Amino acid sequence: MIQKRYHPQDIEKKWQARWLARNAFAADNSDARPKCYLLEMFPYPSGDLHMGHVRNYAIGDVAARVKRMQGFNVLHPIGWDAFGLPAENAAVKNRTHPAAWTYANIANMRAQMLRLGYSYDWPREIATCRPEYYRFEQAFFLRFLQKGLAYRKTAPQNWCPSCHTVLANEQVLDGLCWRCESRVTQKNLTQWFLKITAYGDELLNDLALLEGGWPERVIAMQRNWIGKSAGASVKFPLEKPVGDARDIEIFTTRPDTLFGVTFMTLAPGHPLAERLAGGREKAAEVRAFVERARGMDRLARQDDTLEKEGVFTGTCALHPLTGERVPLWLGNFVLADYGTGAVMGVPAHDQRDFDFARKYGLPVRLVIRPDGEFPDPERLEAAWTGQGRMVNSGRFDGMESGPGGKAVAELLKKEGKGGPAVQFRLRDWNISRQRYWGAPIPVVYCDRCGLVPEKEENLPVVLPLDVTMGDDGRSPLPGTEAFVNCRCPACGGEARRETDTMDTFVESSWYFARYTDARKTDAPFDEQALRRWLPVDLYIGGVEHAILHLLYARFFTKALRDLGFFPPELSEPFARLLTQGMVLNKGRKMSKSKGNVVDPTEMTDKYGADTVRMFCLFAAPPERDFEWSDAGIEGSSRFLHRVWRLFAEEKERILPLGACESGDGDAANDDARDLRRREHLAVRKVGEDMDRFQFNTAIAAVMELVNALYLAREKLGDSPGERRVFSSAAATALTLLSPVAPHICEELWEASGHEGRLAEAAWPSWEAAATARDTLTVALQVNGRLRGTLEVGAGADKAALEAAALSAPAVRRHTDGLTVRKVIVVSGKLVNIVAG
RNA sequence: GCGAGAGUGGCGGAACAGGCAGACGCACCGGAUUUAGGAUCCGGCGGUUUACACCGUGGGGGUUCAAAUCCCCCCUCUCGCACCA
């Protein structure tokens, strides 16, 4: 029985209830079919789903539903990245508890997801704020600590005065806190770090494994972020030692220019900066410069237009190879936290050094000779930064830059003055947060034993929930006696717990693996389950996570592998990555402050989940940003109504699929054959497009098939053969559409008498014979310009085609009086006649 | 500046490997149906032109029988990185 009108709300709720009751999309770890692990980046439970979520999860859901129908054992889990700052902010603002706020949001967003009909494996749902989850993270931390992959160090940290927390360099955007956009200041603190730099080379090299599976630009971004450069380290001995320091070490990518050094520049923040000042007068000058540079630290220094400034310290170092005196300067363009905080000054071959030398009258010495010319160094207008032949470089004269630089580095090594070196831009990951709503770092401080890791059997170190957030937003943990006061795991005496919590990026660095056996209690993972499911076959999320999250997850995968948690052959967590574009409205990203948010719930209430899903997929290819359109979603709604009407109005004609399996004889006439052909073409096209994640064109192909069905119902008669052709095409349209609009398709499938669930039906296949045509339309060109078309029999050979083309009136009109020089025939497509 | 990507009708976008540019949808126009509106169904819809024809995928060159697609130069936009030694 099919109702006359399509009422999405009723049928959607009905199917959602059935799916939930049957755990319809739960994966079975012991299912022997080939696996497919599809994952979308899990959401932060911020309150409500927004359109970006809807799109992200719709993309993943269609992929999952297609793979299931194609016979794969599909894992498609969901969970909540549930620790984090917004919960604390909301708690302060609303006088509630971060946990209460978080769990309420999770309940709300879970309901919204269910309302959208996503085919998730709900029994595997996780929330990272639960001790059952973060206890394993604490265990990982202890193992990292054992292996030296976690360590403590005191360092100047980015400090957000508004959030009262340290930020990783990666979380500082243009000198502002990435969350609250407050101006970031510097503060010295002891922090916990994870040694991601130990994996710098592997993280870089393994990017090669991801080529083809990851977008090129994400790979490029990661490569730049890791920022490996090869060169040499060089020690310049100080003329007179300053305290313990006997030399200044620098790193250079251009050791071939070492003989061109005429000065050195240190960052104002270099540890020796002020102590280098020679003489009382210099000391004041240097101190003033350092003060000034500190004032414009970071933010100002990121300005391109910043004028290079410096001050001579009054002290010299000695050139390691020539022994010449090299004046030591401080310069505002040298960064204390990159490399060694000092650079050698080669004005002839580095533009910054050149500008600096010109400004302060320092000599310019040319040591690389560009081909064919030998400019006067005094008249140079810019540095020559290219490669070339070494000159004025003692025994290296005449060598090319590349080998010459290596030879210089080797000599330095031999003489104990440096040597070949590599430099990474990547720095260790600071995971300490002075926050409450995060996973406690499982260490204690004991007056007798010092720093003591918590014992693994004492995990989890549970985050206490009976706390009250103060108005200032500062962590209540240090003031929570019951948490802080504890027993030393080593001596049993009184001790204090670490009150810093972990960066929430730690939770999201391994959650994809936890899903493989999410309810396991005695260990984080089951080895068999890991081997079965990992790596994730397709990972879908926003490109804004291209660096941080994805790099950390890659690092964790390698580290957990080396710690024995992951199989030894697993090096990369995500085989394929799809970065979806943003949903814009009125040309801008949707945001509350801009007042251009479209609420998914409102849209679902108005049009139904199927329409919302369909529009999100139809409006643009997944990687591209798309513009929300109120008129556009009307179009999607109209289409689904049209599909419904086709089945409602043709219910007499439509047979269940089982009754329409048939031979070719059914295609009794041209119209039936044509519909059958379009059916098979649609199967081919949608299949190809689904494989390429081109959901927009897949939907377009289904629309074409539905349009063909509408036309066919006028043309086809009531013979059993014609009914079978019509019914088969209609069933196929439903099947192809079902991943995108599962509720309506499932309903119509059932209502038109099919057995079983459409979600469990096999993905249709197509036959080449059915897509063939009797006649083909061939384009006719004269000198590359379209002049007409020609209907020919499908079997026509080249000679026949050529002859037919040459005699076609449309062609003759343009070749009359000309000599035919050449005829190009592309079988079944076109004939181009070259005449002149 | 470096790296990556993009530029096609009024709009979102098609065209997978050089082969009929504009699939599909939105908007718009016409027709049918309707008391009317809406909904629906059918048809039209790049520009110039009465027509023949010509022009047309950011701009300019090139390769080719044939270019949105390949090559060179330039412009614009988006994203990422950026005084990186």
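Numbers restart at 1 for each chain; the letters A, B, ... are given by sequence-line order, proteins then strands. Quantities reported herein were computed from a predicted structural model and do not represent experimental measurements.
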(Q) Is A:R642 close enough to B:C41 that one of its side-chain N or O atoms is under 4.0 Å from OP1 or OP2 there? (A) yes
**Q.** Nucleotide opposite B:C54 in a Watson-Crick or G-U pair, distances under 3.5 Å
**A.** B:G47
Q. Does A:R624 have a side-chain nitrogen or oxygen under 4.0 Å from the phosphate oxygens OP1 or OP2 of B:G7?
A. no
**Q.** A:T732-A:E679 side chain donor-acceptor pair, cut-off 3.5 Å
**A.** yes
Q.
If I pick the C1' atom on B:C28 and the same atom on B:C45, what distance separates them, to the nearest angstrom?
A. 8 Å
**Q.** Under 3.5 Å on both distances, the Watson-Crick or G-U partner of B:C41
**A.** B:G31
**Q.** Presence of A:R425 side-chain N/O under 4.0 Å of B:A82 phosphate oxygens OP1/OP2
**A.** yes
Q: Could you let me know what B:A85 is paired to, Watson-Crick or G-U wobble, both distances under 3.5 Å, or none if it's on its own?
A: none
**Q.** Nucleotide forming a Watson-Crick or wobble pair with B:U64, both distances under 3.5 Å
**A.** none
Q. Given that both distances must come in under 3.5 Å, which nucleotide forms a Watson-Crick or G-U wobble pair with B:G3?
A. B:C79
(Q) Counting only Watson-Crick pairs (N1-N3 plus N6-O4 or O6-N4) and G-U wobbles (N1-O2, O6-N3), all under 3.5 Å, who is the partner of B:C26? (A) B:G10
**Q.** Interatomic distance where CZ belongs to A:R787 and P belongs to B:A53 [whole Å]
**A.** 7 Å
Q: Verify the contact: side-chain N or O of A:N707 to OP1 or OP2 of B:A23, cut-off strictly under 4.0 Å; return yes or no.
A: no
